[in-house]
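Reading through the structure tokens given below for one structure.
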Amino acid sequence: MKRTLPPLNALRAFEAAGRLGSFKEAAAELHVTHGAVSQHVRLLEDWLGAPLFERHNRRVALTPAARAYLAEIGPLFERLSQATGKYGSPDAVSRTLSVNAPASFTLRWLIPRLANFRAEHADVDIHVETSNQHLESLKGSYDLIVRGGPDTFYGYSMRPFLSEERLPVCSPALLQRLPLRTPDDLRHHTLLHTASLPRLWPDWLASVSIPALRPAATLTFDHFYLTLQAAIDGIGVAMGPTALAADDLASGRLVAPFAGPRLQTRSYCTYVPDGKSADELVAQFRSWLEHEGMRSQINAALPEDL
């Protein structure tokens with residue numbers, strides 16, 4: 001039976017433009033010009049006899065019918081890529097895993113562990129970009145995105161892999177110079193703040209019934225990884241995220257002078273586009289993150305937790 005297939009280059013251009021929501025970004029991904037993508041899309045629209053995009057000045061949006069069409073053909077492109085990788089020459093197919101994650105998480109947690117994944121997947125190129133942008137505002141195509149959650153986004157599957165709490169942490173050397181026997185002793189210390197989360201210290205101090213405590217000084221940084229580094233260097237006491245401080249707590253570079261209370265916060269979650277959910281490499285990386293997350297939380301556990 002003869003198959004009725006549209007022009008495949010036109011279909012490829014439509015899939016990229018629809019997935020990325022941009023002709024310009026589709027052109028960059030396919031290594032062609034913006035005009036070539038536009039021409040291919042028009043060719044497919046003529047072949048189908050129906051519009052695929054609503055054009056509004058400099059932006060485009062899928063029509064409802066095109067959105068349903070994309071939902072069906074997107075996974076087919078992914079399966080075609082996997083089949084080619086499985087049956088084609090290993091030298092002919094280069095696998096790249098594209099990941100987007102927050103900067104502090106990447107620096108403090110992901111990078112120290114990536115060598116473990118690379119040891120088992122030496123043939124995989126890993127491309128990591130850092131961003132704190134809301135998932136739906138991200139530009140570009142990623143195999144896996146790390147963000148807080150759990151949240152639900154259309155077109156993505158979500159799985160939590162690393163829970164987090166926050167409590168005071170500091171260097172052992174600082175604790176020797178200025179002991180912290182009770183939370184009230186924090187008045188003799190420098191409190192380290194992270195600008196994006198200004199309520200951490202006020203909320204924790206309120207939880208121990210000393211909301212009006214005045215520390216000896218305060219110091220504010222724009223990223224958690226800077227705040228934690230300042231704590232490691234003995235500059236002051238930080239409200240440490242247990243997930244990002246796990247390795248430092250396990251090694252003794254940081255200590256938690258108080259067992260609690262701990263501020264509860266959102267977990268780290270993986271968000272994978274539906275079209276990538278069947279990808280074996282993406283699934284392996286996701287499972288690896290979950291395994292490392294479990295190990296990390298065991299390492300970060302304080303004696304009172306064990």
Side-chain angles (χ1 to χ4, degrees), residues 1-100 123-131 133-145 153-157 271-282 285:
M1 183 172 127
K2 184 178 178 181
R3 292 188 176 95
T4 303
L5 294 175
L8 295 184
N9 282 337
L11 198 62
R12 188 175 179 221
F14 162 68
E15 189 277 335
R19 171 168 44 82
L20 298 173
S22 165
F23 283 15
K24 180 180 178 181
E25 291 182 23
E29 180 178 289
L30 299 175
H31 304 291
V32 298
T33 65
H34 180 284
V37 170
S38 182
Q39 184 177 357
H40 279 308
V41 168
R42 285 196 180 92
L43 176 63
L44 183 60
E45 287 177 326
D46 290 342
W47 193 91
L48 293 171
L52 294 168
F53 290 93
E54 298 171 352
R55 294 164 174 82
H56 306 282
N57 295 327
R58 295 188 177 183
R59 66 183 183 87
V60 295
L62 288 165
T63 65
R67 192 176 299 111
Y69 187 40
L70 179 64
E72 293 214 30
I73 69 168
L76 298 180
F77 272 90
E78 189 61 37
R79 288 175 59 190
L80 179 61
S81 175
Q82 291 178 39
T84 303
K86 184 182 295 184
Y87 298 110
S89 167
D91 295 331
V93 182
S94 175
R95 283 308 317 263
T96 299
L97 186 68
S98 179
V99 178
N100 186 290
D123 58 332
V124 176
D125 293 329
I126 303 175
H127 181 76
V128 180
E129 290 187 14
T130 61
S131 170
Q133 273 187 299
H134 196 267
L135 186 145
E136 292 179 323
S137 301
L138 278 178
K139 300 296 184 183
S141 175
Y142 301 98
D143 296 312
L144 181 144
I145 300 166
F153 295 100
Y154 176 78
Y156 291 86
S157 66
Y271 297 88
V272 172
D274 288 344
K276 303 284 187 178
S277 59
D279 187 300
E280 184 178 353
L281 178 59
V282 175
F285 188 73

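Everything numeric here is computed off the predicted structure, so don't read it as measured data.
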Is the closest side-chain heavy-atom distance between Ser131 and Leu138 below 4.5 Å? yes
Around atom CD of Gln39, are there more than 12 heavy atoms from other residues, nucleotides or ligands closer than 6.0 Å? no
With distance as the sole test, does Glu15 use its side chain to make a donor-acceptor pair with the main-chain N or O of Gly74 at under 3.5 Å? no
So, for Pro6 and Leu44, which heavy atoms are closest and what is the spacing to 0.1 Å? CB-CD1, 3.6 Å
Do you know the tightest heavy-atom contact between Ala10 and Leu43? CB-CD2, 4.2 Å
Hey, could you give me the CG/CG distance between Asp279 and Leu97, rounded to the nearest 0.5 Å? 8.0 Å
Working note: Phe285 + Asp143, criterion side chain to side chain contact (heavy atoms under 4.5 Å, CB included); need CA distance, chi angles, decisive distance, verdict. CA-CA 10 Å; Phe285 188 73; Asp143 296 312; over 6 Å; no
Could you tell me the separation between the CG atom of Leu8 and the NE2 atom of His40, rounded to the nearest 0.5 Å? 11.0 Å
For this output row, return yes or no: ring centroids of Tyr142 and Tyr271 closer than 6.0 angstrom. no
Using 0.5 Å steps for rounding, measure from the CD1 atom of Ile145 to the CG atom of Asn100. 6.0 Å
Using 30° and 60° as the class limits, which term best fits the ring planes of Tyr69 and Phe14: parallel, tilted or perpendicular? parallel
Separation of Leu281 CG from Lys276 NZ (nearest 0.5 Å): 10.0 Å
Testing the basics here: between Ser141 and Ser98, what is the closest heavy-atom pair and its distance to 0.1 Å? O-OG, 3.5 Å
Could you report the tightest heavy-atom contact between Phe53 and Gly18, atom names first, then the distance? CZ-N, 3.8 Å
Would you say Arg67 and Thr63 are linked by a side-chain donor-acceptor pair, where the criterion is simply a distance under 3.5 Å? no
I would like to know whether Ser277 and Val282 meet side chain to side chain contact (heavy atoms under 4.5 Å, CB included); could you show each step before the answer? CA-CA 7 Å; Ser277 59; Val282 175; over 6 Å; no
Can Phe153 and His134 be said to form a ring-ring contact (aromatic ring centres under 6.0 Å, His included), step by step? CA-CA 11 Å; Phe153 295 100; His134 196 267; 5.3 Å; yes
Contact check, side chains of Leu62 and Leu70, non-hydrogen atoms, under 4.5 Å: yes
Verdict with supporting geometry, Ile73 and Leu11, side chain to side chain contact (heavy atoms under 4.5 Å, CB included): CA-CA 9 Å; Ile73 69 168; Leu11 198 62; 3.8 Å; yes
Given side chain to side chain contact (heavy atoms under 4.5 Å, CB included), test Val272 with Tyr156 step by step and report yes or no. CA-CA 5 Å; Val272 172; Tyr156 291 86; 5.8 Å; no
